[in-house]
Structures are given as C-alpha cells and as structure tokens.
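Worksheet: one structure, shown below.
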Amino acid sequence: MALILNIETATKNCSVALAQDGKTIVCKEIATENFSHAEKLHVFIEAVLEEAKCNFKDIQAVAVSQGPGSYTGLRIGVSSAKGLCYALQVPLIAIDTLALLAHQLKVDNGIIIPMIDARRMEVYTAYFDKNYAKIRGTEAEIIDASSYKEMEEIVHFVGDGAMKCKTLLTDAKFIFHEHIVYPSANEMSNLSFEKYKKSDFVDVAYFEPFYLKDFVLNK
C-alpha cells in the first residue's frame, strides 16, 4: 500500500493529486494565465489531504513533475516537493513532464508528440510511440511550416504548445487533440506508483528540475 502525493507545476496548470497504489483519490487543479502556483499549491496540498481524510504522516512518497516547462513553475513545485520529503523523511519521485502529457492520449498507431509552449513559435517536445516509449529525446524546437514533413506515420499532437502550431502544421497526417492542453497530477498517479514499486527515486538533496533552457525574463 502506497499513498503518494503528486505535484505538477511545469505549466500554467497548478495541479495536486493524492493517490493510493496508483489510483487518484483526490485531485485539485487550476490553470490561470498569471501562474497562481505560489498561491494555490500549498492550499491544494492541504485540501487533497483533508478531503481524503489523511495526514501528512500518511504520505509514503512525493512525486513531482521534473520538466521541461516554466522556470518559475518548476522551481516552486520542486522546492515544495523537496521540502515535504525532508520534513516527512520520504523518497522523492521525478516524472518526465512530456511523458506525463503523452500519457493523457491513447492511440492505436502513430507517433505522439507532446508540446509545451516556450516562447513565440518555440516548444519543448519529444517523440513517443503508441506504448509511450520515448523514441526521440527532449528538445527545444522552433516550429515552421516544414516541421515534421519527413515523418511518414500519423502524428498526434497534444499540449498548449501544439495549439499555437496548428495553423502551420496542416498536413493530413497531423492530428491535434485539442482537449489535452496541460499535464495534470491526476495522470501522475500510475506513473509515480510504478516508479515507487521499483524504488526509482531521485536524491532529494541534489535533484534539480529539467529546465532545458536558461531562465528568460517574462517567460
């Protein structure tokens, strides 16, 4: 039995889920243009515990979205997760944000390309097959009308970065799943539990978010 607190703050969505053995019990989240993470994160943590009738001492691990994503959002989420792990003496689990976004979509064929909005026409992205195996590593890409033309398979796009690219990527093989915009702690539950069972933890003292790029003012 494992009670895991999942924290996702890599994008505009501030999201917290409490999960038991890989299944979400309670999830609280809100997506705002002004990044409300600093105000909402700890409120949501206390709210999910209260609603689930659990205490901090019941938590057996904390999972956090590791990035890439917003510098400020990642810093807030990881700092909070590390603080909880120190205080509760529990392990820290790191979840790839793009993998988390990809797992929100189920497909029978093709490539899943999650996109997190960066700046202008730039996105953070990676490639996943239908079984969520990462087949191309995480990169920052500038999207134009020629992007992904060489790909022969159907390409499924998800994430807020994909939405701004829709007018450029018009080939029939490109499918945009507009209902999947932000990563959510709700989808972290199973991923964090699988890592928990394997004792796949990160070092609380030395772990840092995967920013991918240096901090840019007004990001």
Please examine the side chains of [Y] and [X], heavy atoms only from C-beta on, and report whether any two atoms are closer than 4.5 Å.
X: Asn6; Y: Val16; result: no
X: Val107; Y: Ile112; result: yes
X: Val62; Y: Ile4; result: no
X: Val155; Y: Ile175; result: no
X: Pro68; Y: Tyr211; result: no
X: Lys134; Y: Asp129; result: no
X: His103; Y: Phe128; result: no
X: Lys82; Y: Leu92; result: yes

Donor-acceptor contact below 3.5 Å, side chain [X] vs main chain [Y]:
X: Thr125; Y: Met115; value: no
X: Asp203; Y: Tyr206; value: yes
X: Lys164; Y: Glu122; value: yes
X: Asp160; Y: Tyr182; value: no
X: Gln60; Y: Leu3; value: yes
X: Thr24; Y: Asn186; value: yes
X: Ser36; Y: Thr32; value: no
X: Thr9; Y: Ile76; value: no
X: Gln66; Y: Glu208; value: no

Atom pair [atom1] ([X]) and [atom2] ([Y]), whose distance is rounded to the nearest 0.5 Å:
X: Lys53; Y: Leu18; atom1: NZ; atom2: CG; result: 12.5 Å
X: Glu153; Y: Lys130; atom1: CD; atom2: NZ; result: 9.5 Å
X: Leu41; Y: Ser80; atom1: CG; atom2: OG; result: 4.5 Å
X: Lys28; Y: Cys14; atom1: NZ; atom2: SG; result: 12.5 Å
X: Glu187; Y: Asn190; atom1: CD; atom2: CG; result: 10.5 Å
X: Asp117; Y: Ser70; atom1: CG; atom2: OG; result: 10.5 Å

[X] atom [atom1]: more than 12 heavy-atom contacts under 6.0 Å:
X: Lys12; atom1: NZ; value: yes
X: Lys173; atom1: NZ; value: yes
X: Glu194; atom1: CD; value: yes

I need the single residue from Leu98, Leu101, Ile116 that forms a side chain to side chain contact (heavy atoms under 4.5 Å, CB included) with Val158. Which is it? Leu101
So among Asp96, Thr11, Asn13, Thr97, which one has a side-chain hydrogen bond (donor to acceptor under 3.5 Å, both in side chains) with Ser65?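 Looking at Asp96, Thr11, Asn13, Thr97, the match for Ser65 under the side-chain hydrogen bond (donor to acceptor under 3.5 Å, both in side chains) is Thr97.
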Minimum heavy-atom distance [X]-[Y], with the two atoms named:
X: Ser147; Y: Leu169; answer: O-CD2, 3.7 Å
X: Ala61; Y: Tyr196; answer: CB-CD1, 3.8 Å
X: His156; Y: Asn109; answer: NE2-O, 3.0 Å
X: Ala2; Y: Phe193; answer: CB-CE1, 3.9 Å
X: Ala185; Y: Ser15; answer: N-OG, 2.9 Å

Apply the test side-chain hydrogen bond (donor to acceptor under 3.5 Å, both in side chains) to residues His37 and Thr72: give CA-CA distance (whole Å), side-chain angles for both, the deciding distance (0.1 Å), then the verdict. CA-CA 9 Å; His37 303 38; Thr72 302; over 6 Å; no
Please determine whether a side-chain nitrogen of the Lys or Arg among Glu141 and Arg120 lies less than 4.0 Å from a carboxylate oxygen of the Asp or Glu.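 Between Arg120 and Glu141 there is no salt bridge, as every charged N stays at least 4.0 Å from the carboxylate O atoms.
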Verify same cluster id: [X], [Y] (apolar side-chain graph, 4.5 Å):
X: Tyr86; Y: Phe207; answer: yes
X: Val48; Y: Phe56; answer: yes
X: Leu5; Y: Ile30; answer: yes
X: Ile93; Y: Leu88; answer: no

Taking atom types as modelled, find out whether [X] and [Y] have a side-chain donor-acceptor pair closer than 3.5 angstrom.
X: Lys195; Y: Ser199; result: no
X: Glu29; Y: Ser184; result: yes
X: Asp144; Y: Ser146; result: yes

Parallel, tilted or perpendicular: which one describes the rings of His179 and His177, with boundaries at 30° and 60°? perpendicular
How are the rings of Phe174 and Tyr148 set to each other: parallel, tilted or perpendicular (split at 30° and 60°)?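 Aromatic pair Phe174/Tyr148 classed perpendicular.
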Show your reasoning for whether side chain to side chain contact (heavy atoms under 4.5 Å, CB included) applies to Glu139 and Val123. CA-CA 8 Å; Glu139 295 182 8; Val123 295; over 6 Å; no
